[in-house]
There are 2 protein chains.
Amino acid sequence: MSIRELASHLNISIGTVSRALNGRSDVNAETRKRVLEAAAELGYVPNQSGRSLRQGTTNAIGFMVETNSEMSNHGDTFFTSVYDGVQKVFAPHHLDLVVLLCPSGDDPYDHVRRVVARRFVDALFISAIQRHDPRIDFLIEREIPFIALGRSLSGGSHPWIDLDFEGVATQAVNRLVARGHRRIGLVNPGSEINLGYIFADAYRAALAANGIAYDPQLLVRAEQTDEEGGYRSADALLALEPRPTAVVLVNENMAIGVYRRLHEAGLMPGRDMAVIGLRQSQLTGFLSPTLTCFRISLFDLGRRLAEGLLATMPAYRDSHPVGLVQEVWPIELVPGESDPPPR
Amino acid sequence: MSIRELASHLNISIGTVSRALNGRSDVNAETRKRVLEAAAELGYVPNQSGRSLRQGTTNAIGFMVETNSEMSNHGDTFFTSVYDGVQKVFAPHHLDLVVLLCPSGDDPYDHVRRVVARRFVDALFISAIQRHDPRIDFLIEREIPFIALGRSLSGGSHPWIDLDFEGVATQAVNRLVARGHRRIGLVNPGSEINLGYIFADAYRAALAANGIAYDPQLLVRAEQTDEEGGYRSADALLALEPRPTAVVLVNENMAIGVYRRLHEAGLMPGRDMAVIGLRQSQLTGFLSPTLTCFRISLFDLGRRLAEGLLATMPAYRDSHPVGLVQEVWPIELVPGESDPPPR
DNA sequence: GTGAAAGCGCTAACAC
DNA sequence: GTGTTAGCGCTTTCAC
């Protein structure tokens with residue numbers, strides 16, 4: 001069912017059909033009604049390739065994620081909630097959100113180049129931002145609208161939103177110090193992902209602000225930021241002398257492995273080692289002890305990301321006049337049972 | 001950079017450039033070499049809309065998931081591993097896998113119709129299959145290649161793969177009975193998703209085979225198959241008299257909530273109530289006690305799904321001569337510490 | 001082995 | 001307010 005068939009079925013020119021379908025004002029109300037009804041009845045939907053070729057846009061926007069690192073790191077609901085927020089903003093514009101999976105093993109930079117070259121999407125969300133991220137320079141140079149979920153040293157001025165890792169580290173350290181902890185570990189990702197640098201810097205700054213010397217041994221880099229990584233990190237921390245009395249984790253799922261390792265050592269999570277995680281999720285409230293962590297509104301983050309992206313696209317700028325979005329996304333401490341004072 | 005620009009840069013006709021790029025045999029080796037080099041140098045990549053319009057295919061294949069139900073249910077790594085397997089099969093064909101998110105709140109049936117109508121993808125994976133699933137009838141009628149991850153009563157003969165929920169229920173019940181349990185609960189999804197029916201039927205059959213009467217009270221339907229749902233299900237089971245000594249969960253994440261609820265009741269998971277989960281994941285080995293569950297090779301499942309899909313597509317059938325795939329995917333018990341004999 | 005040209009479905013510019 | 005037509009980028013006949 002093409003527009004030509006629809007037009008001849010109605011004894012109308014295809015131009016008029018197109019205008020009626022696209023809500024142009026210069027079309028007779030009666031004609032529009034007939035066209036819309038016939039389209040609904042015959043199940044006509046415009047072919048996207050035809051539109052794209054003509055207009056140079058696909059009305060699809062990609063969210064690039066890596067199947068290796070982040071989805072398995074952040075866990076289940078992280079991106080899901082973000083996607084929901086994005087779609088909320090996209091819906092009235094009839095923009096489709098598609099997730100572009102960078103296969104594990106493929107270079108994210110190559111992948112983004114391929115996606116852009118094929119003109120599969122009009123704009124991109126990119127995530128898992130590296131400290132130096134060639135994707136950003138590339139997208140700026142090619143003038144592809146995008147927004148980054150995460151900061152980077154690359155590419156001067158571009159839209160981004162990042163979680164407030166400074167806030168997490170600072171509040172976590174301050175809270176632990178206030179409760180009497182002095183030997184506080186930090187578990188960071190092992191990769192070149194930028195948040196690790198930000199997290200570590202803020203951790204060191206917070207220690208300094210509290211008059212505590214930084215001990216490099218207490219900064220653990222975990223190959224995986226999941227249960228397994230948590231287990232191994234706890235293992236490393238338990239081997240230290242004197243043993244740290246508290247640990248801050250870059251990912252809440254790691255707490256499961258940390259708890260496990262402490263149990264195996266005959267220690268009680270919380271009582272024998274305070275634990276603070278990153279993001280509140282279904283998980284955190286059901287651990288025993290419940291995990292002290294931070295509330296992050298991912299749905300709203302998704303909405304803001306979408307707004308920030310649309311603001312960079314000429315066709316949508318007017319409906320989302322938010323300017324250049326470069327924001328640190330707020331977090332809020334959620335006290336749990338996992339970080340009492342040291343014994 | 002269009003094919004026309006590339007051709008004029010080489011002083012060759014666009015037809016020849018196209019043939020060279022597409023690996024046609026009727027092109028001079030020298031010419032092909034020049035074209036390929038120039039394309040690489042100038043960074044030319046064919047515009048997908050142009051190709052699609054001409055050929056009627058997009059070289060993109062969609063994986064439809066619902067942002068509400070399953071991603072948050074199955075958890076982090078379920079789909080990630082499946083995607084990886086799919087991409088492994090797609091790579092040599094230069095097919096792109098894109099994830100199509102059905103926004104929470106949208107009807108999956110409407111969504112699939114829209115996706116198909118826009119001709120955004122050449123074929124579809126569908127998941128979260130309902131007992132009666134109109135998407136299947138629709139895709140068959142429209143002759144859109146697809147494969148379902150999950151069985152359904154809808155639409156006679158079509159390709160599908162489903163996890164062996166019968167095997168899970170049967171092996172779990174048999175194992176628990178062998179260890180002396182007689183009052184065994186089952187926690188199922190509350191939705192109309194088909195796996196719930198299959199799981200419950202197999203559970204009842206396994207009980208009968210072991211000479212145990214079925215008690216409807218022991219079959220709990222959880223609104224959410226996550227930590228919260230596990231907590232509530234455990235709450236319901238603890239209220240029963242006499243209390244069940246074991247429970248089989250349709251999702252391993254629920255175990256976290258079940259453990260929590262048992263702890264709150266002063267009970268020990270495993271010792272006071274045996275627990276068996278569904279899928280082995282990073283989580284299951286790091287719970288205390290470790291969770292008895294089932295190993296499922298999701299990467300291979302993804303590969304098989306991809307093969308089953310390509311086998312239905314004329315252009316790829318020959319390279320994947322696997323016929324009509326209708327398979328129950330094997331599972332393998334992974335013993336943990338969570339299901340000892342009753343006290 | 002290569003060039004010329006048609007046409008996939010659509011929208012937009014222009015004529016009336 | 002509607003019809004006509006060019007052309008987006010590409011592949012694929014069809015000549016030669």
Side-chain angles (χ1 to χ4, degrees), chain A residues 1-36 38-39 42-60 93-94 96 114-122 314-315, chain B residues 1-36 38-39 42-60 94 96 114 116-122 314-315:
Chain A
M1 165 60 59
S2 72
I3 196 171
R4 187 157 278 114
E5 295 173 79
L6 181 60
S8 73
H9 175 261
L10 286 162
N11 282 321
I12 289 180
S13 76
I14 60 169
T16 303
V17 172
S18 175
R19 283 191 294 267
L21 254 23
N22 288 295
R24 286 282 131 74
S25 55
D26 60 348
V27 65
N28 183 294
E30 172 63 25
T31 310
R32 162 170 291 122
K33 186 156 166 288
R34 280 183 60 216
V35 171
L36 259 32
L42 299 171
Y44 169 78
V45 178
N47 178 306
Q48 188 57 43
S49 297
R51 301 188 91 172
S52 300
L53 190 54
R54 176 66 231 239
Q55 303 190 311
T57 65
T58 64
N59 296 318
H93 300 292
H94 300 289
D96 280 321
R114 234 172 57 83
V115 165
V116 166
R118 295 187 85 180
R119 241 149 284 190
F120 196 72
V121 293
D122 296 336
Chain B
M1 165 60 59
S2 72
I3 196 171
R4 185 157 280 112
E5 297 172 78
L6 180 60
S8 73
H9 174 261
L10 286 162
N11 283 320
I12 288 181
S13 76
I14 60 168
T16 302
V17 172
S18 174
R19 283 192 291 266
L21 255 22
N22 288 295
R24 286 280 131 74
S25 56
D26 60 347
V27 65
N28 184 295
E30 172 63 23
T31 310
R32 162 170 293 121
K33 186 158 167 286
R34 281 182 60 215
V35 171
L36 259 31
L42 299 170
Y44 168 78
V45 178
N47 178 306
Q48 189 56 46
S49 298
R51 301 189 92 170
S52 300
L53 190 54
R54 179 63 229 241
Q55 305 196 126
T57 65
T58 65
N59 296 318
H94 299 290
D96 279 321
R114 234 171 57 82
V116 165
R118 294 188 84 180
R119 241 148 286 188
F120 196 72
V121 294
D122 296 337

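Predicted model, so just to flag it, every value in this text is computed and none were measured.
DNA chain D lies under 4.0 Å from at least one heavy atom of each of the following residues of residues 27-36 of chain A: A:V27, A:N28, A:T31.
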Readout for nucleotides 7-16 of chain D: B = base within 4.0 Å of protein heavy atom, S = sugar-phosphate only, - = neither; 5' to 3' it is BBBBBBB---
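Nearest heavy atom pair, residue B:R32 against residue B:S25, reads NH2-N, 4.4 Å. In terms of heavy atoms, B:T58 sits closest to B:F120 at OG1-O, 3.3 Å.
Between A:V45 and B:R114 the shortest side-chain heavy-atom distance does not fall below 4.5 Å. Using a 4.5 Å heavy-atom threshold, the side chains of B:N59 and B:H94 count as separate.
Counting only distance, with no hydrogens or angles, the side chain of A:T57 and the backbone of A:S52 share no donor-acceptor pair below 3.5 Å.
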Which atom pairs, donor and acceptor, lie under 3.5 Å between side-chain atoms of residues 5-21 of chain B and protein residues at least two apart or in another chain?
unit_1	atom_1	unit_2	atom_2	d
B:E5	OE2	B:S2	N	2.9
B:S8	OG	B:E5	O	3.1
B:S13	OG	B:T16	N	3.3
B:S13	OG	B:T16	OG1	3.1
B:T16	OG1	B:R19	NH2	3.4
B:S18	OG	B:N22	ND2	3.3

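Comparing the axis of the opening five pairs of the helix from C:dG1-D:dC16 to C:dC16-D:dG1 with that of the closing five pairs yields an angle of 40°, rounded to 10°.
From the 5' end on, the contacts that DNA chain C makes with chain A at under 4.0 Å to a non-hydrogen atom open and close at C:dG9 to C:dA13.
B:R54 is linked by a salt bridge (charged side-chain N to carboxylate O under 4.0 Å, His left out) to nothing, counting only residues two or more places apart in sequence or in another chain.
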